[in-house]
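Not measured: the values here are computed from a predicted model. Naming: A, B, ... by sequence-line order, numbering from 1 per chain.
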Amino acid sequence: MTNPGTQGKPLRLFNSLTRKVEEFHPMNRAETRIYSCGPTVYNDAHIGNLRAYVFTDTLRRALTWKGQTVKHVINITDVGHLTSDQDEGEDKMELASQKMARDIWQIADHFTRAFKDDLRKLNVLRPSLWSTATDHIQEMIACAERLQRAGVTYELPTGLYFDTTKVPNYGSLSLTPMEGQSEGARVERIEGKRNPSDFAIWRRSPETGGKRQMEWLSPWGAGAPGWHLECSVMSMKYLGSPFDIHTGGIDHREIHHCNEIAQNQACTGADHSGANWWMHNNFLVDRSGKMSKSKGEFATLTSLIKRGIHPLAFRLLCLSTHYRSELEFSPEIVAGQQVRLKRLLGAVTALRLKVAPGEWLRIPREIAYSSGASLSYPRSVLENTLSPEAQQFVQSFDGELAEDLMTPRLLPILDEVLGHAKLSPEDKLRVIASMDMVLGLNLLDTRRVDLSVRPESAPLSEQEVEALLLQRQEARKAKDFARADQIREQLNLAGIDLMDGQQPAWEWRPSLA
RNA sequence: GGCCGGGUGGCGAAGUGGUCUAACGCUGAGGUCUGCAAAACCUCCAUUCGUGGGUUCAAAUCCCACCCCGGCCUCCA
């Protein structure tokens, strides 16, 4: 039977706490516990948000591929939090509710579904547990009371605040020294705060301006929990303290996670930050800078699909860059990855035609139903019969993966295997199947044609295309090449690429304008 | 203003002291195939790593200066 723990090269991961790549050891040899900061559901996720979950998914897949069992929790922030600048005082959920003229709970529900739907399209595995902030309000209040008893809080008219000087090494995760920060430079200063870095644990509802849709009674009056509280409460509740890995976007390193750590420390009475590893993915950027929900205009997965981009092309784009590097985005770039993915799928399909059907071909698909189990057994089924030469590829794959998840280095290995002159088709497929359990590109079950997505702007329907194609076939049979070429040109202008002799004989081209 | 990152071919992106005349992908060029194309396959495409100095037997990789870009300090993945 498979032994718990890590197989292959020791996994090394960058730890934001020490700012070094360190060998990873789970606290419990049999299980790694991960908490990922999830989205605030007041809006569609933009593709920059989604990059974060492709990253945590890759982390989780890598751990299970290397033999670990993983318990992965992602939270949903459905409590509103302060909007910025001119919207001071309102919160994002309330604002979205007004804009869409819908109940705030409907807003939360709608965007939670949309978010989960995006992840499914990206082939991100479901976490072991989704945890929702509003399901934990009472526990947050209890935690706030514990913090109060610990003597790290003080009350102001606006709510209950955390005194960040009361915990050791506040802000050590951040790279910004406290002295350099100019509080109030861009956001209104809260009257009475003892230290610039102090933050709200409980936000009391304003006296004026009517009742908020989302508010709860508490020892500090009606209001809502501070944003940082939910992650402390939910991560400890489901994963214990300390647990193994806490992930989030790189922006969380400076404020949110520092505050979370302070709460954890005060709550447990220990100096420990609450997680052994803090990992942060870098931003997706375009020429104008990082993508941001609050900027208004942003690209969503749905908007990419409407252009004729398949979600898996976006996943491949994410994998083509290391998670700690900024990733440059443009429609052209992701379309390029789509071409790459098409070629990969074509090559895999060609291999499948050469290999006798077997149960093992189903394996990569099955992990979609796993809630974090080790992949040791499926791997052994795939890899046990491998030739030494094929084994080599698995080994180099393992080596690159073990080095802080070097996904950009993984992809060339895929190309090498496919193009290898000596490996048997079955060995190639088995190696690719194993690697794809980490990459999550659905390489064995996606066909090239699946990537052909009709752009919303396409002037022709599929039926119209088929009809024109038929006419063209007739013209070709009759050797009326002028007519045939004219139809091809017409289809071309409509965003359709023809491939005579292929099945299917045409596909949509993404619309990049 | 303070603090962090980063600048590698047309584009994305690996590489952080020698195996780098710089992986891989996209684009492009040529070829095979084709009525012609497309798809597929094959071949080719940076003596150079923002600029200028320095250290070293050896630098894209280390040091200094300068220029440019981005992020954070405000909700944010």
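Side-chain to base pairing of Arg488(A) with rC36(B): one donor and one acceptor N or O lie within less than 3.5 Å of each other. Counting atom types as modelled, Asn282(A) pairs no side-chain N or O with a base atom of rG5(B) as donor and acceptor under 3.5 Å. For rG15(B), the base has no donor-acceptor partner in the side chain of Arg409(A) [N/O atoms by modelled type, under 3.5 angstrom].
The partner of rG25(B), taking Watson-Crick or G-U wobble pairs whose two distances both stay under 3.5 Å, is rC11(B). When both pairing distances are held under 3.5 Å, rG52(B) makes a Watson-Crick or G-U pair with rC64(B). rA40(B) is paired with rU32(B) under the criterion used here, namely a Watson-Crick or G-U wobble arrangement in which both key atom distances are under 3.5 Å. Base-pair partner of rG17(B): not found among the strands shown (Watson-Crick or G-U wobble, both distances under 3.5 Å). rC72(B): Watson-Crick or G-U partner is rG2(B), with both key distances under 3.5 Å.
Here Arg253(A) does not reach the OP1 or OP2 of rG5(B): none of its side-chain N or O atoms lies under 4.0 Å away. A close approach under 4.0 Å does not occur between any side-chain nitrogen or oxygen of Arg340(A) and OP1 or OP2 of rG12(B). Using a 4.0 Å cut-off, some side-chain N or O of Arg448(A) falls inside it from OP1 or OP2 of rA40(B). Side-chain N/O atoms of Thr247(A) include none lying less than 4.0 angstrom from OP1 or OP2 on rA77(B).
In this structure, Arg324(A) satisfies the cation-pi test against Phe14(A), with its NZ or CZ atom closer than 6.0 Å to the six-membered ring centre and inside 45 degrees of the ring normal.
The aromatic rings of Trp506(A) and Trp508(A) lie perpendicular to each other, with more than 60° between the two planes, well past the 30° mark.
Taking atom OH of residue Tyr323(A) and atom C1' of nucleotide rA13(B), one finds them 17 Å apart after rounding to whole Å. Atom CE of Met406(A) and atom C1' of rA23(B) are 10 Å apart (whole Å).
Ranked by how close their nearest RNA chain B nucleotide is to the 5' end, Ala482(A) and His322(A) are led by His322(A). With RNA chain B read from its 5' end, the first of the two nearest nucleotides for Gly336(A) and Ala347(A) is the one closest to Gly336(A).
Residue Pro412(A) has its side chain nearest to rC24(B) when only rC24(B), rA77(B), rA14(B) are considered. If you check rA77(B), rA38(B), rA14(B) against the side chain of Thr321(A), the one that comes closest is rA14(B).
Judged by ring centres under 5.5 Å apart and planes tilted less than 30 degrees, Tyr53(A) fails to stack against the six-membered base ring of rA77(B).
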Steps toward side-chain hydrogen bond (donor to acceptor under 3.5 Å, both in side chains) verdict (Ser396(A), Gln392(A)): CA-CA 6 Å; Ser396(A) 49; Gln392(A) 281 294 312; over 6 Å; no

